[in-house]
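Structure, as structure tokens:
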Protein chains: 2
Amino acid sequence: MVMPAPAVAGPGGAAPGSVGDVRRSNLALVLGAIAEFPPGTCPSRAQIAGATGLTKASVSSLVLDLLAAGIIREVGLNPQGRGRPGVGLELNPGRAVMGMEVNVDYISAAAVDLAGNVVIREVRERDNRNSADAPVLAALATLAGRVRSTAGEQGVEVLGGGLAVPGLVEPAAGRVLIAPNLGWVDADLDLDALLPETPLGVALFNEANAAALAELRHRPDGASDFLFVSGEVGVGGGIVIGSELFTGPEGHAGEVGHIVVDPDGGRCSCGGTGCLETIAGQDAIFAAAGLALEGASRSAGMSALRQALEAGETKALSAVRRAGRALGIALASTARVVNIHSVVLGGHFAVLEPWLRQPLLESLQKYAPGKYTPEQVTVSAVGESGALLGAAGSVIRSLVEAPHRLHA
Amino acid sequence: MVMPAPAVAGPGGAAPGSVGDVRRSNLALVLGAIAEFPPGTCPSRAQIAGATGLTKASVSSLVLDLLAAGIIREVGLNPQGRGRPGVGLELNPGRAVMGMEVNVDYISAAAVDLAGNVVIREVRERDNRNSADAPVLAALATLAGRVRSTAGEQGVEVLGGGLAVPGLVEPAAGRVLIAPNLGWVDADLDLDALLPETPLGVALFNEANAAALAELRHRPDGASDFLFVSGEVGVGGGIVIGSELFTGPEGHAGEVGHIVVDPDGGRCSCGGTGCLETIAGQDAIFAAAGLALEGASRSAGMSALRQALEAGETKALSAVRRAGRALGIALASTARVVNIHSVVLGGHFAVLEPWLRQPLLESLQKYAPGKYTPEQVTVSAVGESGALLGAAGSVIRSLVEAPHRLHA
DNA sequence: AGCTTTAGTTCATTGCCTGAACTATATGAG
DNA sequence: CTCATATAGTTCAGGCAATGAACTAAAGCT
């Protein structure tokens with residue numbers, strides 16, 4: 001199909017559709033077919049024609065463009081019993097996208113080729129708490145630059161990138177409205193400085209949203225509608241509907257950490273009252289578990305908590321139970337509001353799942369009976385690196401959906 | 001928009017784009033431009049060309065198709081000072097769509113012409129509580145048939161219709177999953193029997209969703225992102241994002257009535273606990289206000305409540321205060337989950353607004369500080385008939401967005 | 001009456017998809 | 001070894017849609 005035009009043109013103005021749009025749309029269709037073929041298999045032009053409904057002639061012509069743009073490449077032959085073997089096509093592994101992440105205690109960058117393979121990856125520990133945005137971005141830029149040049153030596157060209165940040169972002173503007181744990185407020189990031197002179201530029205993501213996208217690609221069950229909840233210092237979330245991230249009108253949707261789960265509860269860092277985060281965030285759990293972890297790093301805190309849980313310490317167990325119950329209340333509400341009844345636990349929720357699961361299920365049963373089956377409560381399939389991979393994957397996907405952006 | 005191919009074609013299959021799609025898209029673009037022009041003004045072909053970016057030649061050709069399909073018509077001349085006057089174009093008032101509604105104590109049908117004017121409207125009181133779906137639909141079919149033939153006598157042809165029902169629906173399947181107040185469960189409605197042999201058929205809507213769409217068309221402030229909350233026997237809701245209804249993956253999104261606002265609260269008819277509906281639904285308010293209204297009709301109940309409030313009765317006042325607080329908790333959560341911070345009060349919330357407003361604002365301030373300004377809490381601009389108008393309007397809009405469905 | 005201005009139509013051109021014919025390259029039967 | 005068959009991919013005429021330029025139509029102004 002085609003494309004354009006926000007539906008309507010008031011006296012304002014809108015985009016007309018012309019024949020060229022058909023080509024753009026079909027380029028994306030063909031490229032999408034190549035990308036979606038079972039990994040390992042490299043479809044031939046004929047198979048693509050079959051999958052897309054386009055004629056062989058059209059596919060040939062479209063494939064020619066994609067080859068010229070360097071987005072795909074031909075790879076060996078593809079015998080099928082009788083007849084002339086097809087020429088395999090695959091996403092060009094010589095082109096990559098940079099996933100980048102700023103988190104509380106590290107920065108990282110990874111080159112991910114168009115097929116989704118991590119080519120190079122570097123992590124640098126760095127205490128970013130209350131560090132202004134400029135120096136952090138500068139450090140990340142040098143890290144990314146190093147990864148980029150190493151990739152270049154291996155013959156891999158970086159086309160663009162995606163940056164994940166733990167905070168409320170305005171993706172379009174490249175602005176971080178607020179990132180409590182970094183201490184950033186209304187930070188306008190100079191994203192282009194991270195990867196100078198790339199055709200695709202750098203996109204900005206909320207960390208949990210990016211991780212949700214990574215989850216989407218790596219889910220063994222192939223789920224296309226779910227809520228990803230990420231337990232971190234706070235509680236983040238990403239909503240995936242129809243294999244698309246649901247961002248809401250301004251790009252801030254999915255902030256499940258601030259669903260009210262206890263109207264009589266305590267003050268939240270957001271200024272609200274009784275938010276999920278005040279019960280199920282890391283600091284809240286540590287405090288309720290009676291663990292003194294003021295200066296400790298997050299990972300140290302988590303392993304201390306785990307030990308306490310494995311030792312069966314009552315306060316730790318009840319703190320996690322309480323978090324599970326609160327999470328259930330929040331998820332009961334999201335099931336109704338966005339009609340999603342499948343949840344993926346990430347961050348510390350994934351680590352705590354053995355202790356969290358039962359109270360969570362009971363809570364869901366109490367507050368939203370019949371909405372969630374136990375199988376719909378799952379644990380993240382991607383680990384720590386979810387945000388990184390998701391940011392890169394999302395940029396790759398946007399390229400696959402609009403390949404004409406590369407000269408073609 | 002136009003649309004497209006869920007991005008990709010796995011080995012499954014997908015829709016290729018051909019040149020014909022461009023025409024379909026541009027037909028919608030032109031028709032949309034006509035529909036969106038300030039009411040009263042009938043744009044000329046040249047103005048449409050200016051607004052859409054299409055050339056005059058293309059617009060002429062497209063307009064010809066729309067005229068042939070009877071979707072628009074030429075109307076008088078349109079002088080602009082100097083030069084040849086343009087020929088005005090408007091949506092054909094001789095074509096209409098039927099809005100229909102089944103509610104607890106009435107059924108109604110209205111013919112709404114393509115420009116949005118109500119041509120004829122009929123309401124029939126009928127106690128539908130615990131009446132099976134078939135007889136209700138049969139009664140509605142005769143009502144709709146009468147309206148249709150009256151319209152026919154006036155030279156207005158009915159192209160299709162939309163039915164709004166107070167319950168959880170699967171719009172695509174024409175099924176009502178559950179409508180507690182009608183007593184329907186898994187009711188497969190024979191929608192086509194309501195309006196036999198129309199080119200567009202009959203679409204199914206949740207009542208609050210339809211009302212939200214009506215709100216969208218009639219908003220004085222032209223808001224395109226808001227949450228419509230409708231206080232009825234239960235509490236319904238409709239989420240509008242970017243002037244589109246947000247339905248979620250299965251079409252049930254926006255069920256704000258079952259957001260958990262009191263984890264220690266009472267049982268809800270949905271089986272859950274502490275749902276908004278158990279505090280802010282009509283029955284809940286009546287009970288808390290100490291009004292005995294078992295057998296009374298809803299409207300009688302509401303006027304009794306109003307009287308009590310105007311008389312300053314403490315129990316009534318505190319019941320409404322409590323509802324306002326609970327609503328605020330729910331809206332605090334939706335602001336975070338779907339990133340919407342503008343709410344339109346409908347149903348009994350609109351009636352009770354004078355008493356509801358203050359506690360609601362205070363609650364929003366407490367649970368989601370800074371998210372809502374007072375101006376973002378507004379009262380419905382369409383009254384009782386919202387669902388009816390919204391159902392019709394949505395069908396009209398879907399026609400405007402895909403005019404090729406009418407032979408053309 | 002004639003000039004100017006704007007509306008709308010006609011027509012040759014271009015771009016893209018399509019379907020049919022054709023070439024290319026494999027397997028398997030005789 | 002050769003030929004039949006089957007499948008992959010290319011070439012080419014045809015059709016449809018938008019475009020831009022030229023043209024016709026219908027007003028107001030002088």
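Keep in mind that what you see is a predicted model, and the values were worked out from it rather than measured. The chains referred to below are lettered A, B, ... by the order of the sequence lines, with proteins before strands, and numbering in each begins at 1.
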Please state how far atom CZ in B:R24 lies from atom C1' in D:dA18, giving the value in whole angstrom units.
15 Å
Given C:dA26, C:dG8, D:dA27, identify the nucleotide with an atom nearest to the side chain of B:K56.
C:dG8
Would you say D:dT19 has OP1 or OP2 under 4.0 Å from some side-chain N or O of B:S58?
yes
Hey, does the side chain of A:S44 come within less than 4.0 Å of D:dG9's phosphate (OP1/OP2), counting only N and O?
yes
Nearest 0.5 Å, please: how far is CG in A:L29 from CD1 in A:I34?
10.5 Å
Report yes if a side-chain nitrogen or oxygen of B:R23 is closer than 4.0 Å to either non-bridging phosphate oxygen (OP1 or OP2) of D:dA18; otherwise report no.
yes
Within the structure, does a side-chain N or O atom of A:R45 lie under 4.0 Å from either OP1 or OP2 of D:dT10?
yes
Whole-Å distance between D:dA25 C1' and B:L77 CG?
12 Å
Side-chain donor/acceptor contact of B:R84 with base of C:dA7 under 3.5 Å:
yes
Out of curiosity, A:I72 CD1 to A:L89 CG, how far, rounded to the nearest 0.5 Å?
5.0 Å
Integer-rounded Å distance: D:dT10 C1' and A:D65 CG:
15 Å
At what distance, to the nearest 0.5 angstrom, does CD1 of B:I239 lie from CG of B:D225?
11.5 Å
Once you apply a heavy-atom cut-off of 4.0 Å, does B:V59 come out as touching a base, just sugar-phosphate, or nothing?
nothing
With a 4.0 Å cutoff (strictly under), does any side-chain N or O of B:N26 reach OP1 or OP2 of D:dA17?
no
Between P on D:dC16 and CG on A:D21, what's the gap in Å once rounded to a whole number?
20 Å
Between D:dA26 (P) and B:N78 (CG): distance, integer Å:
16 Å
On DNA chain D, more 5' by nearest nucleotide between A:R82 and A:A57 is A:R82
The side-chain contact (heavy atoms from CB on, under 4.5 Å) partner of A:L406 among A:L27, A:I71, A:D65 is A:I71
Any A:S18 side-chain nitrogen or oxygen under 4.0 Å from OP1 or OP2 of C:dG15:
no
Stepwise salt bridge (Lys or Arg N to Asp or Glu O under 4.0 Å) check, B:R217 with B:E36:
CA-CA 11 Å; B:R217 277 263 167 254; B:E36 292 294 303; 3.7 Å; yes
Return whichever of B:G20 or A:A46 has its heavy-atom-nearest nucleotide of DNA chain D closer to the 5' end.
A:A46
Both B:G86 and A:P85 contact DNA chain C. Which one's nearest nucleotide lies toward the 5' end?
B:G86
Over how many whole Å does the gap from A:L62 atom CG to D:dT10 atom P extend?
12 Å
Quickly work out the A:L54 CG to C:dG19 C1' distance and round it to whole Å.
14 Å
